[in-house]
Participant: 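Would you mind keeping the following structure in view while I ask a few things?
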2 protein chains.
Amino acid sequence: MRDDRSVSAAERRRMTSDELTIWRSLIDTTAELRRLLGAQLLQETSLSPADYHVLLALSEARDRRLRSSELAATIDWERSRLSHHLARMERRGLIRRDDCATDNRGAEVLLTEEGATLFRAATAPHMRAVKKHFADALTPEQFVALADILQVLRDHLHPELTEKPAGGQPS
Amino acid sequence: MRDDRSVSAAERRRMTSDELTIWRSLIDTTAELRRLLGAQLLQETSLSPADYHVLLALSEARDRRLRSSELAATIDWERSRLSHHLARMERRGLIRRDDCATDNRGAEVLLTEEGATLFRAATAPHMRAVKKHFADALTPEQFVALADILQVLRDHLHPELTEKPAGGQPS
DNA sequence: CCGATGTAATTGACGTGTCAATATTGACGC
DNA sequence: GCGTCAATATTGACACGTCAATTACATCGG
């Protein structure tokens, strides 16, 4: 019903300077939010946002351990990036890498006690910071609008993943 | 009239899991957009987003030259970051650094012919890419809503810069 | 069993960003 | 002029990210 808007009309026009301004504002504002929250996280917990992301995935995994490639898939990182980062985290004692029992190529990444403790201690302050600098600024209506906008942007980026509106709702 | 919303009510509640989801979606989606457009820019023009940002500021400057610190202020970068990046750009012949005539401490950064040419060639493809992956996805109403949301977020980040709404409403 | 092919994970090189030192020079008071 | 302090710009050390090899093992056809 609105599927064809993005591929038929409005394709030939140039981008408005207003639209460009909003694009830059989006990039700049999100960058500033990331910097602010990242710096605060690092200062209060000695964990970088990347550390936090890895620890979050590990702490939610069964037995707090994951194959390296599953971890990469979970947080949508390139393997190489993860390898480098795990090396740094291992040096700091946040995680450990064991040889995998069922596949001698593989490694299993697991949370150390220190990693788990640091992550637990980081969660609440980080949530508070996100609330303070992001969530507290917006009205409920704005949250709805933003969620809608982000959904549209993601669908536009991944047209192949967009569900056909033909079938019914899952329960 | 709505100034006190952010400092009085709603301060004690915890953040909703919906709000957290939207936060993560905002960070992830903007990151993906940056990555996609950055990769495309780099591939088509051999300019990184950072290069582009620097060249944009320089090409809009009087005589296509700026004091290093003014350039840093214009694009809101730390001086050190700019120094490092200018060194890399100078190595590639995109810019040059001359001693400043009026202040022997300073340096003036200026666009080379090659830098100017590359930047001109990069502009149109980059605009097209932003339009394709961002602007074409949103309705006019969504642009308005997004601009509003970003304004609120920026005001929330910089309360000191927010104009007093003392005067009457604009029409 | 063996060789070709594929997959898991790591490594090295290099561009990028931040922070904490540096020089070096201007500006100001005396 | 001279000492002090601030401003300009750079540098070095290191964390982070990407890309292109590389290593080591699994898998499969024969």
Side-chain angles (χ1 to χ4, degrees), chain A residues 27-28 31-32 34-43 45-55 65-92 94-110, chain B residues 27-28 31-32 34-43 45-54 65-110:
Chain A
I27 294 308
D28 293 347
E32 190 173 355
R34 271 184 292 113
R35 252 188 318 210
L36 178 62
L37 295 178
Q40 197 162 327
L41 183 68
L42 191 58
Q43 185 170 3
T45 70
S46 75
L47 294 177
S48 71
D51 298 332
Y52 187 86
H53 211 150
V54 169
L55 294 180
R65 59 172 58 212
L66 273 177
R67 289 291 297 271
S68 177
S69 47
E70 299 187 65
L71 179 51
T74 303
I75 62 183
D76 195 30
W77 280 15
E78 293 188 15
R79 276 131 169 278
S80 155
R81 177 183 178 185
L82 183 59
S83 249
H84 284 299
H85 203 80
L86 289 178
R88 291 186 291 260
M89 291 179 74
E90 193 166 28
R91 225 183 294 134
R92 293 191 288 150
L94 301 175
I95 55 113
R96 243 185 35 231
R97 285 189 273 197
D98 279 2
D99 293 337
C100 177
T102 67
D103 186 338
N104 286 328
R105 293 169 299 184
E108 274 193 336
V109 185
L110 56 95
Chain B
I27 294 307
D28 292 348
E32 189 173 356
R34 272 183 293 114
R35 251 188 320 208
L36 178 62
L37 295 180
Q40 197 162 326
L41 183 67
L42 190 58
Q43 185 170 2
T45 70
S46 74
L47 294 177
S48 71
D51 298 333
Y52 187 86
H53 211 152
V54 169
R65 58 172 59 211
L66 273 177
R67 289 289 297 272
S68 178
S69 48
E70 300 187 65
L71 179 51
T74 302
I75 62 182
D76 194 30
W77 280 15
E78 293 188 13
R79 277 131 170 285
S80 155
R81 176 183 178 185
L82 183 59
S83 248
H84 283 300
H85 203 80
L86 289 179
R88 291 186 290 261
M89 291 179 75
E90 193 166 27
R91 225 183 293 135
R92 292 192 288 150
L94 300 175
I95 56 113
R96 244 185 36 230
R97 284 189 275 198
D98 279 1
D99 293 337
C100 176
T102 68
D103 186 336
N104 287 327
R105 293 169 297 185
E108 275 192 336
V109 186
L110 57 94

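Values in this document were obtained by computation on a predicted structure and should not be read as measured data. Chain naming here is simple, since letters A, B, ... match the order of the sequence lines and numbering starts at 1 in each.
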Participant: Suppose we screen for salt bridge (charged side-chain N to carboxylate O under 4.0 Å, His left out). Which residues come up paired with Asp98(B), at least two apart in sequence or across chains?
Facilitator: Arg96(B)

Participant: Starting at the 5' end of DNA chain D, which residue's closest nucleotide do you reach first, Arg67(B) or Ser48(A)?
Facilitator: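 First, find each residue's nearest nucleotide; the 5'-ward one identifies Arg67(B).
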
Participant: Which residues satisfy the ring pair (Phe, Tyr, Trp, His ring centres under 6.0 Å) test with His84(A), sequence neighbours excluded?
Facilitator: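 Not a single residue meets the ring pair (Phe, Tyr, Trp, His ring centres under 6.0 Å) criterion with His84(A).
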
Participant: Looking only at heavy atoms, what is the nearest atom pair of Arg92(B) and Ser46(B), with distance?
Facilitator: NH1-O, 3.3 Å

Participant: Rounded to the nearest 0.5 Å, what's the gap from CD1 on Ile75(A) to CD on Glu70(A)? Could you check?
Facilitator: 12.5 Å

Participant: Using the heavy-atom set of chain A and a strict 4.0 Å cut-off, write down the first and last nucleotide of DNA chain C that makes it in, 5' to 3'.
Facilitator: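 With heavy atoms of chain A under 4.0 Å away, the range is dG6(C) to dT18(C).
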
Participant: Strictly below 4.0 Å, heavy-atom distances to any atom of DNA chain C: list the hits from residues 35-42 of chain B, or just say none.
Facilitator: none

Participant: Find which nucleotide of DNA chain D each of Thr102(A) and Ser80(A) is nearest to by heavy atoms, and output the residue with the more 5' nucleotide.
Facilitator: Ser80(A)

Participant: Going from CZ on Arg34(A) to CG on Leu36(A), what distance comes out if it is rounded to the nearest 0.5 angstrom?
Facilitator: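 Between Arg34(A) CZ and Leu36(A) CG, I get 12.0 Å after rounding to 0.5 Å.
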
Participant: Let me confirm one number: the CG-CZ distance from Asp51(A) to Arg88(A), rounded to the nearest 0.5 Å.
Facilitator: 8.5 Å

Participant: Could you tell me how far apart Glu78(B) (CD) and dA15(D) (C1') are, to the nearest whole angstrom?
Facilitator: 14 Å

Participant: Expressed as a whole number of angstroms, how long is the span from Arg79(A):CZ to dA21(D):C1'?
Facilitator: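 Between C1' of dA21(D) and CZ of Arg79(A): 15 Å.
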
Participant: Rounded at 0.5 Å granularity, tell me how far OG1 in Thr74(B) sits from CG in Leu82(B).
Facilitator: 10.0 Å

Participant: With heavy atoms under 4.0 Å as the rule, sort Ser69(B) into base, sugar-phosphate or nothing.
Facilitator: sugar-phosphate

Participant: With the threshold set at under 4.0 Å for non-hydrogen atoms, list the residues of residues 81-92 of chain A touching DNA chain C in residue-number order.
Facilitator: Ser83(A), His84(A)

Participant: Would you mind writing out the side-chain donor-acceptor pairs for residues 99-109 of chain B within the sub-3.5 Å range, not counting sequence neighbours?
Facilitator:
| from | atom 1 | to | atom 2 | distance (Å) |
| --- | --- | --- | --- | --- |
| Asp103(B) | OD1 | Arg105(B) | N | 2.9 |
| Asp103(B) | OD1 | Arg105(B) | NE | 3.1 |
| Asp103(B) | OD2 | Arg105(B) | NE | 3.4 |
| Asp103(B) | OD2 | Arg105(B) | NH2 | 2.8 |
| Glu108(B) | OE1 | Arg65(B) | NH1 | 2.6 |

Participant: Quick one: pull up CG in Leu86(B) and CD1 in Ile95(B) and give me the separation to the nearest 0.5 Å.
Facilitator: 4.5 Å

Participant: Any chance you could measure Asp76(A), atom CG, to Arg81(A), atom CZ, to the nearest 0.5 Å?
Facilitator: 9.0 Å

Participant: Is Ser68(A) touching bases, backbone alone, or none of the nucleic acid, heavy atoms closer than 4.0 Å?
Facilitator: sugar-phosphate

